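What follows is a short report on a single structure.
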Amino acid sequence: MEPKIQETAWNPEIEKQILKQWEDSKIYEFKPQGEVFVIDTPPPYPSGRPWHIGAAAHYAQIDMIARTARMTGKNVLFPIGIDRNGLPVEMYTEKKHNIRMHETDRAEFLKLCSTALDDLEAEMIQIMKSLGLSGNFSEYYRTDSEQYRSLTQATFIELWKKGLVYIANRPNNYDWVTGTTIADAEIIYEDIPTKLVYMKFKIKNSDMVLIIASTRPELLCACQAIIVNPEDERYSDIIDKSAIIPVINREVQIKTHPSAEKEFGSGAVMVCSYGDQNDVALFRELKLEEIVAIGKNGRMTEVAGPYAGLKVKQAREKIIEDLQNQNLVEKIENINHRTPISERSKIPIEIIPMEEYYLKQKESVEKIKDLGSKIIFHPSMHKQILMNWLESITIDWPISRRRFYGTEIPIWYCKKCSEPHVPEPGKYYKPWKDPSPISKCTKCGATEFVGEERTFDTWMDSSVSPLYVSKYNRDNEFFKKTYPTTLRPQSKDIVRTWLYYTILRCEQLTGKTPWSEAWIMGYGVDEHGAKMSKSKGNVVDPLPIIQKFGADTFRFWSASEINLGYDFRCSEQKIETTKKFLSKLWNISRFLSGFPIVKSAKTTPTDNWILSELDKMVAECKKGFDDYNFFVPSTSIREFTWNLFAAHYIEMVKGRAYSTGFSEEERNAAIFTLHKVLSTLLLLLAPITPFITDYLWQTIYSDKTIHNEKFPQQENHEDWTRFTKPITEFNSNVWNKKKEQNLSLKDTLEMDIPQELQQFAKDLQAMHNLKS
RNA sequence: GGGUUCAUAGUCCAGUUGGUUAUGACGUCGCCCUUACACGGCGAAGAUCCAGGGUUCGAAUCCCUGUGGACCCA
């Protein structure tokens, strides 16, 4: 019989035809009936080229989850989305066009951002498709679409009406050159040479002088406390006493706090509003009253007295001069200070109190701990990241940003009394340019309004993704069937942000957890274990790799390289060697495709042995699939296929399958078993390598796709695995003997079969051409 | 500074509730066209299981201390 497969190697070009077949037959379409499985897919952010290979591997794995669920008989909703809100595209656009956001017309700037995103998005979608993702591409969503943004706004309005949003004046990172609050993510740190000034503070009612070192003497006027380490014996006498601020001549109290390092400067630290983030924390903790010494224009305010109106740097020089003139400086050291710099304007940021909107979260913490404890984490250890974060929440969530490319905060203020008004939910509002939908102020009755200009923190959008995919507020029937969703897959670095904020928001809106399971992945790092970055030049572009080796190779590499929750290494060489396994599978199939399909047979001991090993492997794989850990099935399938099935079983039954010296019944048993093993392997591999398995399945076993099949179940065979070791060792012995005697493998050899392997004797003799 | 996590051949990785000789792959070296596969087969070399201490009849595995790395937060 001619083999149905002729080619000697799998050709990844065939993937394109299979992809088209899947698309045409719509085999992955979601039906909201029966048991549903809803994935809250992370919408990737198109922040630049190339797309991170770790992200591509991540999506390959999410697809394996979707396919695993389908093969257990579930209807799977696997949405595809693109995240398009936020800072990176603004920075990308500024750089690309050499413009500044706040100096550009807002509508014009938004258009430039949108175009930039379109280009990057097109490439991402193409990669996702060619990876074979079985997601819903026909209605992929964008987080900057009218529909998505109106959901973000509607959920905000809902929370506003519940009284969960408030305005507060709190310290924020501020870039006075571009005139905007900036997020922590926009801050870079640089070592900048600066003067560390040792200043003399007099202790009240005493002759003692306390030396305090600071790089920010211009903030003396905003000093509200002095702290020393509680274990610092040098200062134990002056705790709770008052010191006189030099030049300013105001009293402040001396307190103890463990954050004062004995070794830095003199060990005593002045706490000013605000020199750095530590000051912010201390002001909050010690309940100090802030003094705003620096204005939004980057100049000293009136509280600075003679220094008012000077720029920070000028004020610093002037006050050092004055201190020296009054003999209040002990010494000045030139040091390199790790200084927070605004990434865009490259100037040191200032921390200035700003009025922003906050979403209440402190009062939800206990509720979220409770919900969080019920969510199943894969792997379970990463639940700890969430729990630790919940322990450390001390302030509410600032949600307003002075940015352009984000969802607008839907608020209009009365021109007369400034009362804020939110519109009716359901529409997408742009208060910075739309006419007010509010006609009359509810407080003073005035009829003129001014729109809010700020946008939301981008996590405000991202945190409603489960509500968006399950059509909250859009299709109640659909929502009831699909929410809470089943699974959130994401990477571990954003547990504290995306995962946490999603639980918070969904709890506030629906009272329920957004998903029952969370699947947390590590990062893709380079082949030496270092983080990939453009500046290091170690970024691996996934696109040429997928084109060169095919999606299945990439996917199998991803499955067998990534142990759930741990970081994984990306190297082209490793991906290349993975391809060999697909070759092996291909050639096994090619061999088997020459034999007829046998539905049942009376199996021999050799057959029972491999079927028993197969059964063990099926059980092993099931464990991995249940935990969405594809490392487990991919490695156990590879080992079984290569080291037992191909190396030993196929060799043992080749003679029998070709029927040389065996009965028809024995022959059928071999062919039956070969097909039984191969078809099981294809089904188990289908979620991991969907292309090659579908091709082989349709060539050998069926005229239908493999992707509507169910997983094979464990059959609880009689356990023959105790023979594995003796069989493989015996084969090895024979091969070694022939090698020692310089024999070819097909030459005859005189050798006895050991007693324990007697029941396999006929196959073994045929395999090695043994004579006893 | 707080937290999470990791440490096993040149490289990557497995190792269930402690139990004979520590798994597999890549790479290296040697031999081999054998009625699926040279993108293959067979064989070989290669490990103080990070260090120190403890528990135990017995530790890669459990406990403590330390060292080094990665990441998150401050």
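The sequence lines fix the lettering, A, B, ..., with proteins before strands; numbering per chain opens at 1. Note that the structure is predicted; figures quoted are calculated from it, not measured.
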Checklist line | Salt-bridge contact A/Glu561-A/Arg569 (side-chain N to carboxylate O under 4.0 Å) | finding: no
Item checked: B/A45 and B/C31, which share atom name C1', separated by this distance in whole Å -> 15 Å
Next item on the list: Take the protein atom NZ of A/Lys725 and the nucleotide atom P of B/U20, then report the distance between them rounded to whole Å.
Entry: 10 Å
Notebook entry, point to check: Just how far, in rounded Å, is C1' of B/A36 from NZ of A/Lys4?
Noted result: 15 Å
Item checked: Lys/Arg-Asp/Glu bridge criterion (N-O < 4.0 Å) met for A/Arg401, A/Glu356 -> no
Margin query: Starting the side chain at C-beta, find the nucleotide from B/C12, B/G40, B/A36 nearest to A/Glu561.
Written below: B/C12
Notebook entry, point to check: Considering Watson-Crick and G-U wobble pairs with both distances under 3.5 Å, what does B/A51 pair with?
Noted result: B/U65
Checklist line | Pairwise C1' distance, B/U48 and B/U4 [rounded to whole Å] | finding: 30 Å
Checklist line | Electrostatic pair A/Asp607:A/Arg656 at N-O distance under 4.0 angstrom | finding: yes
Notebook entry, point to check: Can you tell me how far C1' in B/C62 sits from the matching atom in B/U23, rounded to whole Å?
Noted result: 22 Å
Check: Expressed in whole Å, how much space separates the C1' atoms belonging to B/G24 and B/A47?
Finding: 15 Å
Next item on the list: Give the nucleotide from the list B/C72, B/G43, B/C71 with an atom nearest to the side chain of A/Ser732.
Entry: B/G43
Notebook entry, point to check: Is A/Thr8 touching bases, backbone alone, or none of the nucleic acid, heavy atoms closer than 4.0 Å?
Noted result: nothing
Note to self: Base, sugar-phosphate or nothing for A/Trp557? Non-hydrogen atoms, less than 4.0 Å.
What the structure shows: nothing
Next item on the list: Find the distance A/Lys492:NZ to B/G3:P and express it as a whole number of Å.
Entry: 17 Å
Item checked: Out of B/C37, B/U4, B/C13, whichever nucleotide has its closest atom nearest the side chain of A/Asn563 -> B/C13
Margin query: Side chain of A/Tyr566 only, heavy atoms from C-beta on: which candidate in B/G41, B/C6, B/C39 is closest?
Written below: B/C6
Margin query: For B/C39 and A/Lys580 - does any side-chain N or O of the residue sit under 4.0 Å from the phosphate oxygens OP1/OP2?
Written below: no
Next item on the list: Pick the P atom in B/A74 and in B/G69, then give their distance to the nearest Å.
Entry: 23 Å
Next item on the list: Report the distance from atom OH of A/Tyr649 to atom P of B/C37, rounded to the nearest whole Å.
Entry: 19 Å
Check: Within the structure shown, what part of the strands sits under 4.0 Å from A/Glu651 by heavy-atom distance: base, sugar-phosphate, or nothing?
Finding: base
Next item on the list: Indicate yes or no: does A/Lys369 engage A/Glu391 in a salt bridge with an N to O separation below 4.0 Å.
Entry: yes
Next item on the list: Mind calculating the distance between CZ (A/Phe591) and C1' (B/C37) to the nearest angstrom?
Entry: 11 Å
Checklist line | Geometric cation-pi criterion, A/Arg638 with A/Phe556: 6.0 Å, 45° | finding: no
Next item on the list: Classify the nucleic acid contact of A/Lys654 as base, sugar-phosphate or nothing, counting any heavy atom under 4.0 Å across all strands shown.
Entry: base
Margin query: Whether A/Lys654 and A/Asp763 form a salt bridge (side-chain N of Lys/Arg under 4.0 Å from carboxylate O of Asp/Glu) is what I want to check.
Written below: no
Next item on the list: Return the stacking result for B/U35 and A/Tyr658: yes when the ring centres lie under 5.5 Å apart and the planes under 30°, no otherwise.
Entry: yes
Check: Where the side chain of A/Arg590 is defined as all heavy atoms beyond and including C-beta, which of B/C39, B/U34, B/C37 is the nearest nucleotide?
Finding: B/C37
Next item on the list: Counting heavy atoms from C-beta on, name the nucleotide in B/C39, B/U23, B/C37 closest to the side chain of A/Glu639.
Entry: B/U23
Note to self: Checking A/Gln384 against A/Asn388: is there a side-chain donor and acceptor pair closer than 3.5 Å?
What the structure shows: yes
Notebook entry, point to check: Under the side chain to side chain donor-acceptor pair (under 3.5 Å) criterion, do A/Arg590 and A/Thr8 qualify, and how do the steps go?
Noted result: CA-CA 8 Å; A/Arg590 187 161 82 98; A/Thr8 52; 5.7 Å; no
Notebook entry, point to check: Between the base of B/C26 and the side chain of A/Lys574, is there any donor-acceptor pair under 3.5 Å?
Noted result: no
Check: For B/U17, which nucleotide is its Watson-Crick or G-U wobble mate, given both distances must be under 3.5 Å?
Finding: none
Item checked: Residue whose closest nucleotide on RNA chain B lies nearer the 5' end, A/Trp389 versus A/Ile385 -> A/Ile385
Item checked: B/U65 to B/C49 separation - P atoms, rounded to the nearest Å -> 23 Å
Next item on the list: Round to the nearest Å and state the distance from A/Asp279 atom CG to B/A74 atom P.
Entry: 16 Å
Margin query: Using whole Å, what does the distance between atom P of nucleotide B/U5 and atom CG of A/Asp567 come to?
Written below: 13 Å
Notebook entry, point to check: Side chains of A/Thr724 and A/Trp609: do they bring a donor and an acceptor to under 3.5 Å?
Noted result: yes
Next item on the list: Taking only the side-chain heavy atoms of A/Asn587 (C-beta and beyond), determine which of B/C37, B/C26, B/G40 contains the nearest atom.
Entry: B/C37
Next item on the list: Consider the side chain of A/Phe631, meaning its heavy atoms from C-beta on, and name the nucleotide among B/C71, B/C37, B/A14 that approaches it most closely.
Entry: B/A14
Item checked: Residue A/Met381, side-chain heavy atoms: nucleotide from B/U16, B/U5, B/U34 that is nearest -> B/U5
Check: What nucleotide, of B/G43, B/G40, B/C26, holds the atom closest to the side chain of A/Lys739?
Finding: B/G43
Margin query: With a 3.5 Å limit on both atom pairs, tell me what B/C71 is paired to, counting Watson-Crick and G-U wobble, or say none.
Written below: B/G3
Checklist line | Separation between the P atoms of B/U35 and B/G18, rounded to whole Å | finding: 49 Å
Margin query: In whole Å, measure the gap between the C1' atoms of B/C50 and B/G27 for me.
Written below: 24 Å
Next item on the list: Mind calculating the distance between NZ (A/Lys383) and P (B/G3) to the nearest angstrom?
Entry: 21 Å
Note to self: Checking base pairs now: Watson-Crick or wobble, both atom distances under 3.5 Å. What partners B/A44?
What the structure shows: B/U28
Next item on the list: Report yes if at least one side-chain N or O of A/Trp10 is closer than 4.0 Å to OP1 or OP2 of B/C37; otherwise report no.
Entry: no
Margin query: Assuming nearest nucleotide by heavy-atom distance, tell me which of A/Arg569 and A/Ile588 is located more 5' along RNA chain B.
Written below: A/Arg569
Notebook entry, point to check: What does A/Asn643 touch in the nucleic acid at a heavy-atom separation under 4.0 angstrom: a base, only the sugar-phosphate, or nothing?
Noted result: sugar-phosphate
